[in-house]
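Order of the sequence lines sets the chain letters (A, B, ...), proteins ahead of strands, with each chain counted from 1.
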Amino acid sequence: MAWSDGLNQGSPTYEIASCENARLRVVAGPGTGKSYAMKRRVARLLELGVEASSILPVTFTRVAAEDLHRELVGMNVQGCDELEGRTLHSLAFKVLMSEHALAATGRVARPLNEFELEPLLADISDAHGGKRIVKKRIKAFEAAWARLQSDEPGYVQSAQDAALERELISWLIFHESMLIGEAIPLLYQYVRNNPAAPICAEFSHILVDEYQDLNKAEQGIIQLMSENAEVCIVGDDDQSIYSFKHAHPDGIRQWLTANAGAADIELAECRRCPTRVVDMGNALISHNQDRPVPRALNPRAQNGPGEIEIIQYNTIINEINGVAALIENLVANGTPPGDILVLAQRSVIGTPIYESLVQREVPTRSYYAESELSAADAQRRFALLKLFVSREDRVALRWLLGLNSNNWRAGAYRRLRAHCESTGASPWIALEQLSSGAIAIPYCGSLIQQFNLICEYLARLEALPGLADVVNELLPDNNADLRDLRALALQTLDIVAGDREEFLVELTSLIAKPEVPTEVSDVRIMSLHKSKGLSSPVTIIAGCVQGLLPRLPDASLPLAERQAQIEEQRRLFYVGITRVKSVPEDGKPGRLVLTSSRQMPVADAMKAGIQPAQTYMGNAYLNASQFFRELGPSAPAPRQG
DNA sequence: GATCACTTGTTCCCG
DNA sequence: ACAAGTGATC
């Protein structure tokens, strides 16, 4: 199939695919076919004979990368097999390893699992303003300290930033590890300071999807790699929802001024949504003030108006049951479960809906806790496996030493670490000496006790004859929390039978790259952030209450800041409602259901971060989201559920 | 008397 | 889930 098959010359899609300007920006609203246009552009390049290895498609998620690959294979474009879509993270890791950029900094590429961050935070947060502040600061560190679109990446902004960076890196060096998010600042520094590095000339064509979600450091990496490359960026400032990683809608807006002479093409026809949803989306997003070029989506008449409902329940319990019953009913009447998408901004709302659906025997998948490593027990056993493979895995040891303590035994561990740093002994060796009484450090009793437990367990594993027995002991068959991890471990055993280290490497990479199912057959429940890039014939957004969607900014913040936060919440809701897909020829008009409730237990409200307007007898009283009113006249009147 | 583990009040999430 | 407050322990 040729890249231009079925495209009308002069149509925006054709223009995007064929544009020969070395700088091209595509602004594409939700459902306007940007992935389709990108795919055609890549196909054209491959047909022209551009080497697949010199094309870099950057996507926001691994799923999107695999989608692109699959679609190109489906088009049967020559060379598509070698074409690899990449997330910036995976690119960063690959470059840091292959170009020895990491080795030059004396760092070790042992990434920290999410759960392994806990002891790190416990170890450094006391001296740096508490856990919450430190977490925020680490986010800024991962953005190379460029918090604003106007910031230059690579420079700390305050003495506190500098102090945190010193202590963080010192911890990471001592533990011979790195943060996953650290790949971005490290790659930024590398390409910034080594303009002659191979990576800066490796690609002749760079395509970036979801550009509005790149922070300044990520934008900088693209720019530094594209001196001699043709660049095409695609995105939508109205869908910028990642301010918590310091991305800003101004990034994609200013790209045009920073790249003089660039071509600019807009995709405005919403091919996905029912026309009323398009009208509602346009009305909603027009309430945002920070929009230098107000745009609107064009509805596609043949999609039909769609079916839209807004329902308010008395209590959160009724809302959860109401949504579950609605879904059960739809499925009973022939809607495939995979056609239903439930969005809820907090798991306190999403998880009960999930549980209710499971009880009703509707096939459902929750995306709140998707990892094999979400359960505490799975984390413990995985850490033990790491330590079984290497006693010198300092992160795994640190994690296990802190177990069953609410501050991860930070004080005692600090003494141990100080001892290690002054003598050069590794933590494992020092602990062996402490345990045998060869040396003594005050206040380390409970740490040593914990160490002895770890040793006992490892000795038991060592007594087992083979790796398969170790897997059986560590990840027994009868435990639901361990099921997914066990499945991956068994899968790994088939590939690597003997060597421990190879086994762990293989297992770790399987965990990092979960298989993405091509066919969705379950009802999906997730947050609005996760729904980006998805679409579904039935979309339900639950928990549309003031305080949750939008979440209300802290009153102590400056007005401009509060305004910006509300506008991002509005963009989030805009992303949510535009997930609805109309396929009239298949009898799927596209259905959007927005629900809210009047009351929920105060404890749940607090857990979800809602500051209720009023509370009485343990109940929080809630109002429907302000966004309902902003949906304009195309939205139906809310009804009681 | 410094530092520990554990209990008691408040509660900024989202990939 | 976190930060601050409490008797208990080194």
Side-chain angles (χ1 to χ4, degrees), chain A residues 59-64 87-90 114-115 117-118 121-122 125-126 128-136 138-139 142-143 179-181 184 210 212-215 218 239-247 343-350 367-371 374 376 402-416 440-450 512 514 526-534 543 545 547-557 561-562 565-566 568-569 571-573 575-576 601-612 615 620:
Chain A
T59 55
F60 193 64
T61 63
R62 231 172 10 238
V63 177
T87 64
L88 267 182
H89 265 106
S90 79
E114 183 81 30
F115 71 90
L117 281 172
E118 288 301 322
L121 292 168
S125 63
D126 276 1
H128 294 273
K131 192 167 168 178
R132 287 184 182 130
I133 290 169
V134 166
K135 268 178 144 171
K136 270 212 170 113
I138 289 178
K139 279 274 167 287
E142 291 177 345
L179 302 175
I180 293 170
I184 297 298
E210 309 281 15
Q212 76 283 353
D213 290 329
L214 267 54
N215 62 34
E218 293 165 330
Q239 293 182 75
S240 169
I241 54 176
Y242 284 96
S243 66
F244 64 85
K245 61 161 247 197
H246 301 287
L343 305 177
Q345 207 45 2
R346 288 294 180 282
S347 80
V348 288
I349 296 169
Y367 291 76
Y368 291 101
E370 60 183 346
S371 164
S374 57
L403 213 56
N404 300 323
S405 157
N406 66 351
N407 72 343
W408 295 86
R409 302 193 173 85
Y413 188 79
R414 198 173 301 128
R415 288 155 203 280
L416 174 71
I441 302 175
Y443 300 109
C444 279
S446 102
L447 200 69
I448 296 165
Q449 209 179 339
Q450 190 66 23
M526 63 184 73
S527 71
L528 284 99
H529 283 90
K530 280 218 179 90
S531 75
K532 184 163 234 177
L534 302 178
V545 296
L548 186 56
L549 195 63
R551 124 156 249 103
L552 296 174
D554 194 313
S556 67
L557 290 170
E561 176 87 5
R562 279 183 282 155
Q565 286 190 20
I566 289 280
E568 179 170 298
Q569 293 286 301
R571 292 193 291 267
L572 192 59
F573 194 55
V575 168
V602 174
D604 284 354
M606 289 306 195
K607 227 166 134 190
I610 306 170
Q611 306 103 318
T615 64

(request) Indicate yes or no for a side-chain donor-acceptor contact from A:Ser527 to the backbone of A:Lys530 under 3.5 Å, with no hydrogens or angles considered. (result) yes
(request) Please state the C1' separation for the pair B:dC14 and C:dA3 - nearest whole angstrom. (result) 23 Å
(message) Tell me whether the rings of A:Phe244 and A:His529 are parallel (<30°), tilted (30 to 60°) or perpendicular (>60°).
(response) perpendicular
(message) Measure CZ/A:Arg415 against P/C:dC10 and give the value in whole Å, please.
(response) 13 Å
(request) Between B:dA5, B:dC13, B:dG15, spot the one nearest the side chain of A:Lys139, thanks. (result) B:dG15
(request) Provide, to the nearest angstrom, the distance between the CZ atom belonging to A:Arg551 and the P atom belonging to B:dC14. (result) 9 Å
(message) Any base atoms under 4.0 Å from A:Tyr242, or only sugar-phosphate, or nothing? Heavy atoms, all strands.
(response) sugar-phosphate
(request) Would you kindly give the CG-to-P distance between A:Leu343 and B:dG15, to the nearest whole Å? (result) 12 Å
(message) Between A:Leu88 and A:Ile184, is there a side-chain heavy-atom distance shorter than 4.5 Å?
(response) yes
(message) Please check this pair: side chain of A:Arg562 against backbone of A:Leu552, looking for a donor-acceptor N/O pair closer than 3.5 Å.
(response) no
(message) Does A:Lys532 form a side-chain contact (heavy atoms from CB on, under 4.5 Å) with A:Gln239? I'd like the steps, not just the answer.
(response) CA-CA 9 Å; A:Lys532 184 163 234 177; A:Gln239 293 182 75; 4.2 Å; yes
(request) Let me know the distance between NZ of A:Lys136 and P of B:dC14, rounded to the nearest Å. (result) 13 Å
(request) Report yes if at least one side-chain N or O of A:Lys530 is closer than 4.0 Å to OP1 or OP2 of B:dG15; otherwise report no. (result) yes
(message) Looking at B:dA5, I'd like to know if its phosphate oxygens (OP1 or OP2) sit under 4.0 Å from a side-chain N or O belonging to A:Ser446.
(response) yes
(message) If you assign A:Glu568 and A:Tyr413 each to the DNA chain B nucleotide with the nearest heavy atom, which residue ends up on the more 5' nucleotide?
(response) A:Tyr413
(request) Measure from CG on A:Asn404 to C1' on B:dC6 and round the result to the nearest Å. (result) 13 Å
(message) For the backbone of A:Ile241 and the side chain of A:Arg571, can you confirm whether one donor and one acceptor N or O come within less than 3.5 Å of each other?
(response) no
(request) Taking side-chain contact (heavy atoms from CB on, under 4.5 Å) as the test, write out the residues that go with A:Ser243, two or more places apart. (result) A:Glu568
With 3.5 Å as the limit, what N/O pairs link the protein to nucleotides 2-8 of chain C?
unit_1, atom_1, unit_2, atom_2, d
C:dC2, OP1, A:Lys131, NZ, 2.9
C:dC2, OP2, A:Lys131, NZ, 3.1
C:dA3, OP1, A:Lys131, N, 3.0
C:dA3, OP1, A:Arg132, N, 3.4

(message) Between C1' on B:dA5 and CD1 on A:Ile448, what's the gap in Å once rounded to a whole number?
(response) 16 Å
(message) I need the CD-P distance between A:Glu114 and B:dC14, as an integer number of Å.
(response) 11 Å
(request) With P as the reference atom in both, quote the distance from B:dC13 to C:dA4 in angstrom, rounded to an integer. (result) 16 Å
(request) Measure from CZ on A:Arg346 to P on C:dA1 and round the result to the nearest Å. (result) 14 Å
(message) Looking at A:Asn407, I'd like to know whether one of its side-chain N or O atoms comes within less than 4.0 Å of OP1 or OP2 on B:dA5.
(response) yes
(message) Using only modelled atom types and a 3.5 angstrom limit, is any donor from either the side chain of A:Tyr443 or the base of C:dC10 paired with an acceptor on the other?
(response) yes
